2 protein chains.
Amino acid sequence: MRATIYDVARRAQVSIATVSRVVSGRARVTEETRARVLEAVKELNYHPNPVAQGLALQSTRTLALIIEGFDNIYPAKIVAGAETEARVHDYHLLVQQVADLDGDKLRRLSGRVDGIIISGAATADELLQAAVEQDIHAVRLGYLIPDLHADAVVADNYKGAYEAVEHLIEHGYRRIAHISGPESSPHGKERANAYLAALQDHAIPQPEEYLVRGDYTHERGFQAMASLLELAEPPDAVFCADDLLAMGAILAVHELGYEVPDDVAIIGFDGLETGAYVTPPLTSVYQPIEQLGRVAVETLLWRISNPDKELRETVLPTELVIRRSCGCPAASRVLGGTAA
Amino acid sequence: MRATIYDVARRAQVSIATVSRVVSGRARVTEETRARVLEAVKELNYHPNPVAQGLALQSTRTLALIIEGFDNIYPAKIVAGAETEARVHDYHLLVQQVADLDGDKLRRLSGRVDGIIISGAATADELLQAAVEQDIHAVRLGYLIPDLHADAVVADNYKGAYEAVEHLIEHGYRRIAHISGPESSPHGKERANAYLAALQDHAIPQPEEYLVRGDYTHERGFQAMASLLELAEPPDAVFCADDLLAMGAILAVHELGYEVPDDVAIIGFDGLETGAYVTPPLTSVYQPIEQLGRVAVETLLWRISNPDKELRETVLPTELVIRRSCGCPAASRVLGGTAA
DNA sequence: CTGAAAGCGCTTACAG
DNA sequence: CTGAAAGCGCTTACAG
């Protein structure tokens, strides 16, 4: 049904080796035979079977992206960036949610790709560990791990968070709380550490109750903020570990009859476009999510062709996008990353 | 380096055929030799090479999902649903943004997958057409096309939109406008048609200026709403073709000093969780996006094993999620699809 | 420059 | 039940 290299060879009266040569362009061929082959290729609408090529060349020209759930904007942008970059290099992208992935399944998956990008938390570490042990090319996306032998691409979570908290301090707020990411989130931990450090560096007290654990959902942001508002001495500013938490927090403030930023100022993390369209527009630490995906692919491809070079860790800068929820009288619909 | 079937055969003192049989479980093997092979498999950490299997079996156990940009919540949920369903069937998912895809590239892509899901608009039609012509298994995701020979999975855009507009009518609004999707969006067209029909069925006038074109972004929703508010007789209710438009519209209403829903009621489409966290919470037509992705995979897999059965078109129901922007005094954080 | 042949790592009729 | 062999569709040293 589908034409093979044999069909083309027969039609062009040459051997399959010659067909392969002209199609791949990897060797000299007489102009005359070249033309004959090309003609046959066109007539038969021949395209080399990538699976057979994969077997012969020991390369699939496919990369895998493993991430914890795709049904959110962060993973969505990662996928978008990764696929875009992969396509530029004529590679394909396989996606997989961590879910029930383990070392064994990872191994099987690795048979169909040339390398793997692992993002997310918790299990991601073990996966990366497994990959490294099995000599699978892998890059970690999202945060650094000290003694794991793998390349990594991350955003500067610590600095971004630190700047956000400092911004609140400059506004004059002194009762600054933090709604964090989930236990399992390493980015969340970095952001929480930065929050703690910023307060300490400025000699601002940090009551234990001001650090409440969230989980990157509107829901938790709402609940956490509600609980903060019930404290004897509620905070006058809250730094949230991501924009979803922040948006839930804003809603809670409103529902309890308070105002943002007059009663409580709020800053989020991620710098999503959506944040510009809540009331009041959300000030947030922008991180270049798509770019993270792109650079991860770039790094992985580089690693594949340079197996023996030393580890590469890329840290992408964040940027505080000032809108209104922090108390600034800024324009309302600023988007992040436009300067880049 | 990586163990092959030959390594296992040698170690277990059997032929590769036998190894293949016990590993695949597709044929009877003596319990004794079976045990020997399994032992060798374990010792060598052997996993069959999927590329080689793909060549021998003429099946890649991989599906492709082609969609117009992944950096948004709709495609994200589609991917999530599709990957989940694929995994259930031990299939993998390759993703690709339409971008510069054409018939030729589609053909090359098709060599690495068993079937393709095509979503989105504009170019998607030509792609699907090309797929059908080249005998590639393909299912259309998102909307129906009358005379194209392909399976399809869609949400009931028309009915969902119709009910939304009727809901506004029941509230007593009579100056009902619509901010539509982009020219190229077939879903958008269906929703706009439903809007028109609902007004006509209820004998409510529909001034031409009340239908303004949007493009599924906050930005356009903001602009479109601002222009509607400048009309001599501004609308008292607006049905938006998606939630992003609706959220931008809400912001515009607020920035111009009006209130939602008191001055203008608003209903969106998609039923995103985020909509529950804007002020006021957004009433919206929920559509089961992840489910669309799952059913698309299910349909494609079914088609692959039943190449000759007649076309299958699945229409998934929508559901009006009542929050507050329509004027109802409902609970604020209702999420869609929880009843399903 | 071109072809015959081996090899990539599997699966599966066909014999025995 | 098990093995030898052909086949899946390519690529690429090796000769000529």
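Treat the numbers as computed from the prediction; the structure is a model and nothing was measured. Letters A, B, ... are given to chains in the order of the sequence lines, protein chains preceding strands, and every chain is numbered from 1.
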**Report entry** Distance in angstrom units between B/Q53 CD and C/dG9 P, rounded
**Finding:** 13 Å
Query raised in the report: Whole-Å distance between D/dT2 P and B/R28 CZ?
Result: 11 Å
Requested in this report: Over all heavy atoms of both residues, which pair between A/A40 and A/A12 is shortest? Give the atoms and the distance, please.
Outcome: CB-CB, 4.0 Å
[X] near the nucleic acid: base, sugar-phosphate alone, or nothing, with a heavy-atom cut-off under 4.0 Å?
X     : answer
B/S20 : base
B/T33 : sugar-phosphate
A/V51 : nothing
B/T18 : sugar-phosphate

Of the candidate nucleotides [options], which contains the atom at the shortest distance from the side chain of [X]?
X     : options                : value
A/I16 : D/dG9, D/dC10, D/dT2   : D/dC10
B/L57 : C/dT12, C/dC1, D/dT2   : C/dT12
A/I5  : D/dT11, C/dT11, C/dC10 : D/dT11
B/T30 : D/dG9, D/dC1, C/dC10   : D/dC1

Query raised in the report: Can A/T84 and B/Q97 be said to form a side chain to side chain donor-acceptor pair (under 3.5 Å), step by step?
Result: CA-CA 8 Å; A/T84 300; B/Q97 304 178 83; 2.9 Å; yes
Query - Exam field: side chain A/T33 to backbone A/V29, donor-acceptor pair closer than 3.5 Å - result: no
Report summary line: Of A/A56 and A/V14, the one whose nearest nucleotide on DNA chain C sits closer to the 5' end is A/V14
Report task. Classify the side chain of A/R21 and the base of C/dG3 as holding, or not holding, a donor-acceptor pair under 3.5 Å. Result -> yes
Requested in this report: Quick one: do B/V98 and B/I118 satisfy side chain to side chain contact (heavy atoms under 4.5 Å, CB included)? Show the steps, please.
Outcome: CA-CA 9 Å; B/V98 291; B/I118 299 181; 5.8 Å; no
